Structures are given as C-alpha cells and as structure tokens.
Amino acid sequence: MKKLFMMMMAGLLITACASKPQAQDSNEPAKKVLVLYFSVTNTTKQLAEYIQQKTGADIEAIQTTVAYPTDYQELLKRWGADRDNNVLPELKPLAHNVADYDVIFLGYPLWGGTYAQPVKTLIASGVLNGKNVVPFCTSGSSGVKQSVDDLLKAVPGIKISECVGVRSSLMNKMPAAVDRVLISLGLIEGQNEVLADYSAQQAPTAEETAIFDAAISTYDMMKGTKAVSVGSRKTSKGTDYKFVGEANGGKMDIYVTKENGNEAPYFTAVDR
Ligand SMILES: Cc1cc2nc3c(=O)[nH]c(=O)nc-3n(C[C@H](O)[C@H](O)[C@H](O)COP(=O)(O)O)c2cc1C
C-alpha cells in the first residue's frame, strides 16, 4: 500500500496524491460522501466547504469539548502541552454516523508535520477503520505526505487513493488542486491533465537555482536552504520542479512551480 501510495505521489500538483484519472461508471449508485474536518483558524474549513459545494456531500466539523485558542502563540502552547503530556483532546460526539458513508474526506491542519491532535482522538475512536478516506490538509509549508503515511500506519484497514495538501499562502491554487482529486474520484465531471514523471535528479543549473531561491525567499523558515539536485517536468501551465534541498545537515524534497508568464515561482510543499 505504501509503495502504491509513493508511486502515486510521483505525479502531484500542489501536494495532491492523484492517481490516474478514473471514469465514473454511470451505472454505479452515487457514493455517499461525508466531509469531516478540523480547523482552528478556518483555512482547512475553506477546503472542506469547497469540497462540500462541489460534491453536495454532507459536512461536519470535528470539535473538541474545550475549544482551541485561535491566537497563534496560545495555540502553539496548547499543542505543545498536549503533545508533551500525550493528551488526546476530547471530542464532541459527531452528528453523522461515519459508518453510513462510502467516502470520508478528512481535513486537518498540519501540526508538527502531521495531522492535528484532534484527528488522533478520532482515529482512536475507531470510526475510520476500514474506510475509504481522502485526506486533505493545509499547512504553512509542509506537504500532506507525512500525514498520509501516519494515517496508513495508525488506522487499521484504511484505504487512501487520493489526498491533497495546500499551503495556506496558496489558497488561490486550492480549487484547481481539489478539483483534480474530485475528478480523479469521479465525483465531478472533467478531464485531468496526465502529468509526466519528474526527470532524474541532477545538479541544478544556475537558472534552476535562481528559481529555487526565488520560490523559498517568501518563507522565512526556508531561508538558508540550498538546492542540491533537481528533476523537472513540463505541464500545460509551465514547469514543475522537484528539488532536493539541504539545511542544517537535513535533506528534504521541495516542490516548486514556475508558471508560464510573469508570476514568480512558488513552492507547493516541503516533504521532510
Ligand atoms: C500548533 C501548530 C503547529 C503547526 N505545525 C506546522 C507544521 O509542522 N508544518 C507546517 O507547514 N505548518 C504548520 N502549522 C501551520 C498550520 O498548518 C497552518 O497555519 C494551517 O493552514 C492552519 O489551518 P486552520 O486554519 O484550518 O486551523 C502549524 C500551526 C500550528 C498552530
């Protein structure tokens, strides 16, 4: 399963783990879809509501009995305290019966590189066991990959064929990234561009290094990261790059897009 997922991850826009487009079989009964999401500052909520609007799915927010603070520093403190004390936040009961649904879209912000703490509580309740789950997340910079790997490890029998992660500063790219997943799942009409694999990693040219440096210059925490190698692919919109970057002795994959025209290059995800 992990290998299959990794293969699918090779062809991503934003950080969608889109597999090959699938045609919807019109004889199949409509799938029952539930969008379950956790969101503190409403970024992930925007994806959840977009998915709901496009699919007509049922939707519900995962809520903790003690609400999280929306102030960033306070939120970091509470997250740190819960993590250090190994506390799973208590959830309010869900109004929807997860067992009634064929597909669960599961949304969360990335905290510490993976799904936010309340999703851990949901997993512990067992309701996701054996379900078809489509993870979606927002983050400052991290990609969705780590959280999907963690879901595959933590949830017995979970099936994941698609996922999508969007950086909170790239919400203008969100509809296209989410549509790709919805089309691939046969939940909306449309045709996905078939994306080529990235070319083999090689030392970046001066031009590629300049594209990398421009893309990461917008995000303080990436400053000082050096491009070690790069693979690329052409798309109808421009060029996607998969850089291997290095900072403080650690390596990471950094996905960068340079669209045709004047828009500055931007990075879509960092997988550490
Ligand atoms: C406690 C905490 C931990 C975070 N950890 C990460 C992280 O590891 N990687 C990352 O890219 N962003 C991280 N972020 C940023 C959030 O993922 C991002 O702001 C997200 O879009 C917030 O979603 P929401 O508005 O739905 O709550 C973190 C934010 C908080 C508050």
Side-chain angles (χ1 to χ4, degrees), residues 9 12 14-17 35-53 59-64 66-89 91-92 104-122 134-151 154 163-175 177-178 215-225 243 245 247-248 250-257 266-272:
M9 286 296 292
L12 310 187
I14 305 281
T15 51
C17 45
V35 180
L36 270 185
Y37 71 96
F38 172 73
S39 182
V40 178
T41 45
N42 293 341
T43 322
T44 312
K45 184 181 182 189
Q46 291 177 55
L47 268 80
E49 289 179 344
Y50 182 80
I51 295 165
Q52 192 281 326
Q53 282 157 20
I59 185 167
E60 182 168 354
I62 299 165
Q63 291 179 296
T64 51
V66 180
Y68 279 87
T70 50
D71 175 77
Y72 190 67
Q73 292 308 324
E74 290 299 314
L75 185 49
L76 282 180
K77 251 193 248 165
R78 163 114 180 250
W79 169 63
D82 281 0
R83 189 198 46 195
D84 295 347
N85 300 319
N86 222 1
V87 168
L88 290 185
L91 302 184
K92 293 185 183 172
I104 313 296
F105 280 82
L106 178 66
Y108 44 82
L110 292 183
W111 286 359
T114 193
Y115 42 78
Q117 212 82 354
V119 173
K120 290 190 186 163
T121 317
L122 189 73
V134 185
F136 62 98
C137 72
T138 63
S139 69
S141 63
S142 309
V144 65
K145 177 180 172 303
Q146 180 64 52
S147 67
V148 173
D149 287 349
D150 291 346
L151 283 169
C163 65
V164 59
V166 179
R167 293 185 55 214
S168 53
S169 60
L170 292 179
M171 288 300 277
N172 60 331
K173 315 282 180 200
M174 179 274 277
V178 172
I216 66 163
S217 68
T218 54
Y219 199 73
D220 275 355
M221 279 166 67
M222 293 299 289
K223 283 189 180 148
T225 308
F243 285 94
N248 306 319
K251 288 203 170 160
M252 63 204 99
D253 293 334
I254 301 154
Y255 294 86
V256 172
T257 293
Y266 53 88
F267 75 93
T268 55
V270 179
D271 288 336
R272 289 188 169 79

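Just so it is clear, the structure is predicted and the values come from calculations on it, not from any experiment. Along the sequence shown, residues are numbered consecutively beginning with 1. In each ligand, atom 1 is the first atom listed, and ligand 1 is the first ligand listed.
The nearest protein heavy atom to atom 12 (N) of ligand 1 is closer than 4.0 Å.
Residue Gly140 places at least one N or O, backbone or side chain, under 3.5 Å from an N or O of ligand 1. Residue-to-ligand polar distances place Asn42 within reach of ligand 1: an N/O pair is separated by less than 3.5 Å.
Numbered from 1 in the order shown, with element, the atoms of ligand 1 that lie under 4.0 Å from a heavy atom of Leu76 read 1 (C), 2 (C). Of all atoms in ligand 1, listed by their number and element, those nearer than 4.0 Å to a heavy atom of Thr43 are 21 (O), 23 (O), 24 (P), 25 (O), 26 (O). Below 4.0 Å from some heavy atom of Val40 lie the following atoms of ligand 1, by number and element: 24 (P), 26 (O), 27 (O). Short contacts between ligand 1 and Thr44, defined as distances under 4.0 Å to a heavy atom of the residue, involve ligand atoms 23 (O), 24 (P), 26 (O). Heavy-atom proximity to Ser141, at under 4.0 Å, picks out these atoms of ligand 1: 10 (C), 11 (O). Residue Trp79 has at least one heavy-atom neighbour below 4.0 Å for each of these atoms of ligand 1: 1 (C).
Closest approach of Ile216 and Met222 over heavy atoms only: CD1-O, 3.4 Å. The two residues Asp82 and Tyr68 come nearest to each other via the heavy atoms OD2-OH, 3.4 Å.
Of the listed residues (Gly165, Gly113, Ser147), the one carrying the non-hydrogen atom nearest atom 7 (C) of ligand 1 is Gly113.
Judged by distance alone, with hydrogens and angles left aside, the side-chain atoms of Thr114 form no donor-acceptor pair with the main-chain N or O of Trp111 at under 3.5 Å.
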